[in-house]
*Asks:* 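Sharing a structure, written as structure tokens. Questions coming.
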There are 2 protein chains.
Amino acid sequence: MTKPIAPARAKPSHKVPKPEAGYHHGELQEALIAASEAILAEQGAEGFTLREAARRAGVSPAAPSHHFGNAQGLLTEVAIRGYAALAGALRDAASRKQGAREKLHAQGLAYVEFALKHPGRFQMMFANKRLVADDPRLRQASRAAGHEFEIIIAELVGGTPRQAKTAAAAAWSTVHGFAKLALEDKFGPVKSEAGDRKIMTTLNHVLNYLWPASR
Amino acid sequence: MTKPIAPARAKPSHKVPKPEAGYHHGELQEALIAASEAILAEQGAEGFTLREAARRAGVSPAAPSHHFGNAQGLLTEVAIRGYAALAGALRDAASRKQGAREKLHAQGLAYVEFALKHPGRFQMMFANKRLVADDPRLRQASRAAGHEFEIIIAELVGGTPRQAKTAAAAAWSTVHGFAKLALEDKFGPVKSEAGDRKIMTTLNHVLNYLWPASR
DNA sequence: TATCTATCTTAACACTGTTTAGATTGACCG
DNA sequence: CGGTCAATCTAAACAGTGTTAAGATAGATA
């Protein structure tokens, strides 16, 4: 189930990661990213602190700066992986269905499911002010996720590229808005399993309303 | 251009809106709310600090606590007024048009216009973790804004209340998602006047696509 | 083996929100 | 008119935060 999220290029070239080191951590980047994701999962986007991430990785508060520059740099890395995971989820969802409408529908469900399952990460991915918003890799990761929508939309609406772009913006806006509103409890409590199910059926109705079979 | 969003009442320039500064401020609540809105307008939601609001109101950092309890309490008050302003904008926009579809369309434009014009306040209104999320007045203000959509939607779709609820969720999700994505630069830069205009025409296309004349 | 450089720590700085105790004030009430 | 009292605000402190500068350590290299 856990698919490799990071690009294939992995290690800092020269050495094999040693689990137990002394002064040198060995895998500090990965440890900090993992710690950050854990904090986001436990405490949400507002709960993240750089010091806590360092604490969990077992290093001093100043250590992260050598690898990520600052907190925004670390969070940017987390967001990039988040976008990759989201793109993967969208691709997977579409691949399991046949017919453009069914694919789009499945993508919409997958998008909101991702948001509800990883609220902290999701919120952080769209918090430009806490990221290095103009990082090329971040921008590309975001575009790649959006592209997953455009692929299916192009299949669905045929028309000019301009029209496809419009339709893709419409689809993305709808599911993104729904996810955001749901996370702020605008469609009822979201903490419980039952709450989540109710929200997902509401989403189902919304998608059927906006993209009926006739489209 | 800048329309008074707060009740027409006071004109608190930074200091001493009232007679000579004494030990008592006299209108501290209003001054703090105005200061907070100014910070949100200048620095965005992430730029707000309680101390800066106190500074602008000319009081000590501890003063706000006597009126609002804590930072969340102050921001909750700001958010309540924000929702009232949003509801007013939606009502105004609808009242200027005839026909349910035109009204809904105008509301969608007004919603995004509000978000682009007051990004800091808008983001804060939907940042539950920074507010007293279960404050009854806040919840009611939020529901009142959402209700503006439901009124028009009921006019448009006729059907069962359940169907109207679905359609309202769809409309709200779409414009909210569009606004949020636009504020995170997903539809291009949003700082310039030209950027905003381009975004609004994109929104126009989206609304025409999702709510065509035939609905 | 000696040096070099990446990595990490220690310590400090300027912030933040919140709490406690005390000072000041205006208003009520005899 | 004068005294009490509650409301209002300040001062000071505390535990946090992100970031930086200077120095220690260790792994790799020559």
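Since the structure is predicted, the reported quantities are computational estimates derived from the model, not experimental observations. Letters A, B, ... mirror the listed sequences (proteins, then strands); counts begin at 1.
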*Asks:* I need the full list of side chain to side chain donor-acceptor pair (under 3.5 Å) pairs touching residues 187-205 of chain A, with sequence neighbours left out, sorted by first then second residue.
*Replies:* A:H105-A:N204
*Asks:* Could you tell me which residues satisfy side-chain contact (heavy atoms from CB on, under 4.5 Å) with B:A87, sequence neighbours excluded, listed by chain and number?
*Replies:* B:A145, B:E148
*Asks:* Scan nucleotides 16-21 of chain D nucleotide by nucleotide, 5' to 3', and note B when protein non-hydrogen atoms come under 4.0 Å of the base, S if they reach only the sugar-phosphate, - if neither.
*Replies:* -BBBBB
*Asks:* Not counting sequence neighbours, which residues clear side chain to side chain donor-acceptor pair (under 3.5 Å) with B:S142? List them please.
*Replies:* A:K186
*Asks:* What side-chain donor-acceptor pairs closer than 3.5 Å can you find for residues 165-177 of chain A, not counting sequence neighbours?
*Replies:*
{"residue": "A:T166", "atom": "OG1", "partner": "A:R162", "partner atom": "O", "Å": "3.3"}
{"residue": "A:W172", "atom": "NE1", "partner": "A:Y111", "partner atom": "OH", "Å": "3.0"}
{"residue": "A:S173", "atom": "OG", "partner": "A:A169", "partner atom": "O", "Å": "2.8"}
{"residue": "A:T174", "atom": "OG1", "partner": "A:A170", "partner atom": "O", "Å": "2.8"}
{"residue": "A:T174", "atom": "OG1", "partner": "B:T174", "partner atom": "OG1", "Å": "3.2"}
{"residue": "A:H176", "atom": "ND1", "partner": "A:Y111", "partner atom": "OH", "Å": "2.8"}

*Asks:* Please report, rounded to the nearest Å, how far the P atom of D:dC9 is from the CZ atom of B:F68.
*Replies:* 11 Å
*Asks:* Please enumerate all residues that pass side-chain contact (heavy atoms from CB on, under 4.5 Å) together with A:A57, with sequence neighbours excluded.
*Replies:* A:L28, A:A31, A:L32, A:V59
*Asks:* Taking atom P of D:dA7 as reference, at what distance in whole Å does atom CD of B:Q29 sit?
*Replies:* 13 Å
*Asks:* By a strict heavy-atom criterion of less than 4.0 Å, which residues belonging to residues 124-136 of chain B are in contact with DNA chain D?
*Replies:* none
*Asks:* Under the ring pair (Phe, Tyr, Trp, His ring centres under 6.0 Å) rule, what pairs show up with a residue in residues 43-89 of chain B, not counting sequence neighbours?
*Replies:* B:Y83-B:F126
*Asks:* Scan residues 39-56 of chain A for pairs that pass side chain to side chain donor-acceptor pair (under 3.5 Å), counting only residues two or more places apart or in two chains.
*Replies:* A:E42-A:R56, A:E52-A:R55, A:E52-A:R56
*Asks:* Side chain to side chain contact (heavy atoms under 4.5 Å, CB included) for B:M200 and B:V112? Distances and angles first, verdict last.
*Replies:* CA-CA 8 Å; B:M200 291 306 289; B:V112 176; 3.9 Å; yes
*Asks:* Is the closest side-chain donor-acceptor distance between A:K97 and A:Q107 under 3.5 Å?
*Replies:* no
*Asks:* Under the salt bridge (Lys or Arg N to Asp or Glu O under 4.0 Å) definition, can you give me all pairs with a residue in residues 123-138 of chain B, not counting sequence neighbours?
*Replies:* B:E77-B:R137
*Asks:* Give a yes/no on whether any side-chain N or O of B:H67 is located under 4.0 angstrom from OP1 or OP2 of D:dA7.
*Replies:* no
*Asks:* Which residues pass the ring-ring contact (aromatic ring centres under 6.0 Å, His included) test with B:F178, sequence neighbours left out?
*Replies:* B:F187
*Asks:* Round to the nearest Å and state the distance from B:L28 atom CG to D:dC9 atom C1'.
*Replies:* 9 Å
*Asks:* Could you state the atom-to-atom distance from CG of B:L32 to C1' of D:dC9 in whole Å?
*Replies:* 12 Å
*Asks:* Could you tell me, to 10°, how much the axis swings from one end of the helix from C:dT1-D:dA30 to C:dG30-D:dC1 to the other, five pairs per end?
*Replies:* 10°
